[in-house]
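Data block below; observations after.
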There are 2 protein chains.
Amino acid sequence: MRIGDLAKRAGCEIVTIRYYEKEGLLPKPARSAGNFRLYGDVHVERLQFIRRCRSLDMTLREIRALLEMRDNPTLDCGEVNVLLDTHLQQVEVRVEALLQLRQHLLALREQCSGARPVQACGILRGLINCNCHVVSAEHSNV
Amino acid sequence: MRIGDLAKRAGCEIVTIRYYEKEGLLPKPARSAGNFRLYGDVHVERLQFIRRCRSLDMTLREIRALLEMRDNPTLDCGEVNVLLDTHLQQVEVRVEALLQLRQHLLALREQCSGARPVQACGILRGLINCNCHVVSAEHSNV
DNA sequence: CTTGACTCTATAGTGACTATAGAGAATTAA
DNA sequence: TTAATTCTCTATAGTCACTATAGAGTCAAG
């Protein structure tokens, strides 16, 4: 199976696969006579695992940790739980921040219905004058 | 006022200020004899505006647009409204995705309480076998 | 034999910063 | 006055998880 087929089976881009290889998440595959990468079912399964974790918004660092555990199946799985709990907690924080952000934007939106000169625009005024403190969502990039 | 004072007043890092200057969001300030940047109240207000928009998770591109409108106060503010509406909609999408993600993680968390060999860990099993489709949150980086 | 689809490597760009190195400027303490 | 500390300067590279591009090589079908 060549890289294009693998990409289709996992629903991701070819470049992403090469990127994962470079990052050490996918093992270096065999090569054809013409230097094409050749994959098997093991790679499909592993890549799907990675993509599933990514769809859960895990970082590659987290996924790397999970893969290592997967590769040592006799270890205790407590760490898996910790990892997931931590991740979940970050998501909770992010949800909270986003909900507040949404409220804030809605309130701001109320302040102008358009068709005025910018000078009188309630939204711009709101952005300039409000002294509320929004929980910033920028760094909780979960 | 030097860059450190400005940073304190706006609650951001010094490097961030220089970055905004490089990106054209803040005008190039006067310089002292020793080549230090010198700021006034105009800069404080403008930087606070930018930071407030950032705390609302707007991109620098969006903020640039708002600043341009602010700098031309006779224009119609319809565009301000459009910009905010668009932004709000993106946030709604992101909230939706995150809530689904959260549900998914919670479900996964249920599947293992720890203290087993990784081989038997319900979470890893869930990650390997589940064929659900999660609305990916990765590209809606609002 | 050529067309087209596929693949290769290497490099640069994205966004919004953050980190670092190595230097000069200004302030404070001895 | 000197020394130490703190602040600032520029320039460059790194972060994350990709995405985009250039230029070349490989392979199957017509």
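Proteins come first, then strands; the chains are lettered A, B, ... in the order of their sequence lines, and each starts at number 1. Note: hydrogens, waters and symmetry copies are ignored here, and every other heavy atom, side chains too, is used.
- Every residue meeting the side chain to side chain contact (heavy atoms under 4.5 Å, CB included) condition with Arg9(B), not counting sequence neighbours, appears here in chain and number order: Met1(B), Asp41(B), Val44(B).
- Applying the side chain to side chain donor-acceptor pair (under 3.5 Å) criterion to Glu96(A), with sequence neighbours excluded, gives no partner residue.
- Using a distance-only test at 3.5 Å, with no hydrogens or angles considered, a donor-acceptor pair links the side chain of Glu62(A) to the main chain of Thr59(A).
- The residue among Met58(A) and Leu38(B) whose nearest nucleotide of DNA chain D lies closer to the 5′ end is Leu38(B).
- With sequence neighbours left out, the side chain to side chain donor-acceptor pair (under 3.5 Å) criterion links Arg61(B) to no other residue.
- By the side chain to side chain contact (heavy atoms under 4.5 Å, CB included) test, Ala65(A) is found to be paired with Met69(A), Leu83(A), residues two or more places apart in sequence or in another chain being considered.
- The nearest heavy atom of DNA chain D to Gly4(B) and to Leu60(A) marks one nucleotide each, and the one closer to the 5' end goes with Gly4(B).
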**Message:** For a quick check, with a 4.0 angstrom heavy-atom cut-off, what is the B/S/- contact string for nucleotides 23-30 of chain D, read 5' to 3'?
**Reply:** --BSS---

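- A heavy atom lying under 4.0 Å from DNA chain C marks the following residues of residues 6-14 of chain B, by number: Glu13(B).
- Whole-Å rounding puts the Tyr39(B) OH to dC7(D) P distance at 16 Å.
- Summarising the geometry, the separation between CZ on Arg31(B) and P on dA25(C) is reported as 13 Å, rounded to the nearest angstrom.
- Every residue meeting the side chain to side chain contact (heavy atoms under 4.5 Å, CB included) condition with Arg18(B), not counting sequence neighbours, appears here in chain and number order: Ile3(B), Ile14(B), Val15(B), Arg37(B).
- Put simply, the side chain of Leu38(B) does not reach to within 4.5 Å of the side chain of Arg31(B), judged on heavy atoms.
- For dA16(C), the OP1/OP2 oxygens have no side-chain nitrogen or oxygen of Arg51(B) closer than 4.0 Å.
- A salt bridge (charged side-chain N to carboxylate O under 4.0 Å, His left out) check over residues 82-93 of chain A, counting only residues at least two apart or in different chains, returns the pairs Asp85(A)-Arg109(B), Glu92(A)-Arg102(B).
- Sequence neighbours left out, the pairs with a member in residues 8-40 of chain B that pass ring pair (Phe, Tyr, Trp, His ring centres under 6.0 Å) are Tyr39(B)-His43(B).
- Residues of residues 16-27 of chain B having a heavy atom closer than 4.0 Å to DNA chain D, listed by number: Arg18(B).
- Panel note: side chain Thr86(A), backbone Val82(A); a donor-acceptor pair is recorded below 3.5 Å.
- If you measure from atom CD of Gln90(A) to atom P of dC16(D), you get 14 Å, rounded to the nearest angstrom.
- Comparing dA16(C), dT9(C), dT19(D) by their nearest atom to the side chain of Val15(A) picks out dT19(D).
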Side-chain donor-acceptor pairs of residues 22-29 of chain A under 3.5 Å, sequence neighbours excluded:
none

